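Residue numbering restarts at 1 for every chain, and letters A, B, ... go by the order of the sequence lines. For the numbers below, each heavy atom of this structure counts, side chains included, while hydrogens, waters and symmetry mates do not. Because the structure is a prediction, the values reported are computed rather than measured.
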Protein chains: 2
Amino acid sequence: MKTDKLERLQAAGWKVGNTEDFLQLSEEEARLVALKLSLIGAVKKSRIKRKLSQIDLAQRMKSSQSRIAKIEAGDPSVSLDLIVRALIASGATTRDIQAAFTTNERAAA
Amino acid sequence: MKTDKLERLQAAGWKVGNTEDFLQLSEEEARLVALKLSLIGAVKKSRIKRKLSQIDLAQRMKSSQSRIAKIEAGDPSVSLDLIVRALIASGATTRDIQAAFTTNERAAA
DNA sequence: TTAGTCTATGTCATAACTGACATAGACTAA
DNA sequence: TTAGTCTATGTCAGTTATGACATAGACTAA
């Protein structure tokens, strides 16, 4: 764990002893969430760019409109698999997907 | 669809009329599979690089050794979520993940 | 040999995800 | 108003993914 974060947490009154596992996990969890959000944004951006309605995209990937809405709303029931499938189906290029990751990197830094 | 691919498929005797949806889907499916494989490779590479056993990595991400083995074996029961979580837990940097995408891009080109 | 470490594979109950459906809200155009 | 299009949200039965466990194989070192 990074020292500055550790200090901030300790200053906030956190006991940072055997809770390292927990903190470590949180940081990784946060990274995954940030990544998902980034990809979700890319889905919506790509869909709009191609002038596709949620129904259009749903048909392309053999899903349903409600699921597309949930994807874009960041619903917790949506898997990373589905997000990426939507991204691909929406016509996003590999470069677009990479860009989403890059955005994620900036946000995490 | 790209013309060369279309021609290859037609030459192979495929009827490329109203089966476009199917072919389109296959192409997207293939892209997802390629992406997964690429990330799987990155997981193993990152794990080995950090000298972690499958058990070590499993503990880091609160999973099990058998699941790590399945990830690396490309078992169909493994989700993209789990692969990416393993990748993050293995200590892979965002740059490493991006590199996996780059590899994928080359493979798809 | 024996023991230890690491990885692979199968199974299973539980948990998580999915598409489909209903329904509602926002907005636009007759 | 009315109808149409698009999106949001809730529910649910069926499907898929999960961790845990057992077990086996490969390899190394005593």
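Within the shown strands, C:dA13 is the pairing partner of D:dT18 under the Watson-Crick or G-U definition, both distances less than 3.5 Å. Base pairing annotation: D:dG25 forms a Watson-Crick or G-U wobble pair with C:dC6, both donor-acceptor distances under 3.5 Å. Applying the Watson-Crick and G-U wobble criteria (two distances, each under 3.5 Å), D:dT1 pairs with C:dA30.
Per the geometry, CD1 belonging to A:I68 stands 17 Å off C1' belonging to D:dG10, to the nearest Å. Distance CE (B:M61) to C1' (D:dT18): 10 Å, rounded to an integer number of Å. Rounded to whole Å, atom P of D:dT16 lies 15 Å from atom CZ of B:R67. Counting to the nearest Å, the C1' atom of D:dG19 and the NZ atom of B:K62 are 13 Å from each other. When the P atom of D:dA17 is taken as reference, atom CG of B:L80 falls 11 Å away, rounded to whole Å. In this structure, CG of B:D81 is placed 10 Å from P of D:dA17, rounded to the nearest angstrom. C:dA16 atom P lies 19 Å from atom CD1 of A:I71, rounded to whole Å. We find that CD1 of B:I55 is positioned 13 Å from C1' of D:dC21, with the value rounded to whole Å.
Here the side chain of B:S66 is nearest to one of C:dT7, D:dG19, C:dT9, namely C:dT9. Taking every side-chain heavy atom of A:V78 into account, C:dT18 is the closest of D:dT7, D:dG19, C:dT18. Among C:dT7, D:dG10, C:dG19, the nucleotide with an atom closest to any side-chain atom of A:S63 is C:dG19. Relative to the side chain of B:K70, the nucleotides C:dT7, C:dG10, D:dT9 differ in distance, and C:dG10 lies closest. Nearest to the side-chain atoms of A:Q65 among the listed nucleotides C:dT9, D:dT11, D:dA8 stands D:dA8. Comparing D:dT7, C:dG19, D:dG19 by their closest approach to the side chain of A:R47 singles out D:dT7.
Between B:R50 and B:D56 there is no salt bridge, since no side-chain N of the basic residue sits under 4.0 Å from a carboxylate O of the acidic one.
For B:D75 and B:Q54, each mapped to the nucleotide of DNA chain C holding its nearest heavy atom, the one lying further toward the 5' end belongs to B:Q54. Projected onto DNA chain C by closest heavy-atom contact, B:I48 and A:S77 fall at different nucleotides, the more 5' of which corresponds to B:I48.
Counting any heavy atom pair closer than 4.0 Å across all strands shown, B:S64 reaches a base atom. At the heavy-atom level, A:L82 lies under 4.0 Å from the strands shown only through sugar-phosphate atoms.
Judged purely by atom type and a 3.5 angstrom limit, A:S38 uses its side chain to pair as donor or acceptor with the backbone of A:A100. Panel note: side chain B:D81, backbone A:L80; a donor-acceptor pair is recorded below 3.5 Å.
Side chains of B:S53 and B:R47: no donor on one and acceptor on the other come within 3.5 Å.
The side chain to side chain contact (heavy atoms under 4.5 Å, CB included) test with A:S90 is passed by exactly one of A:L57, A:I68, A:D96: A:L57.
In this structure, the side-chain hydrogen bond (donor to acceptor under 3.5 Å, both in side chains) partners of A:Q54, at least two apart in sequence or on a different chain, are A:Q65, A:E72.
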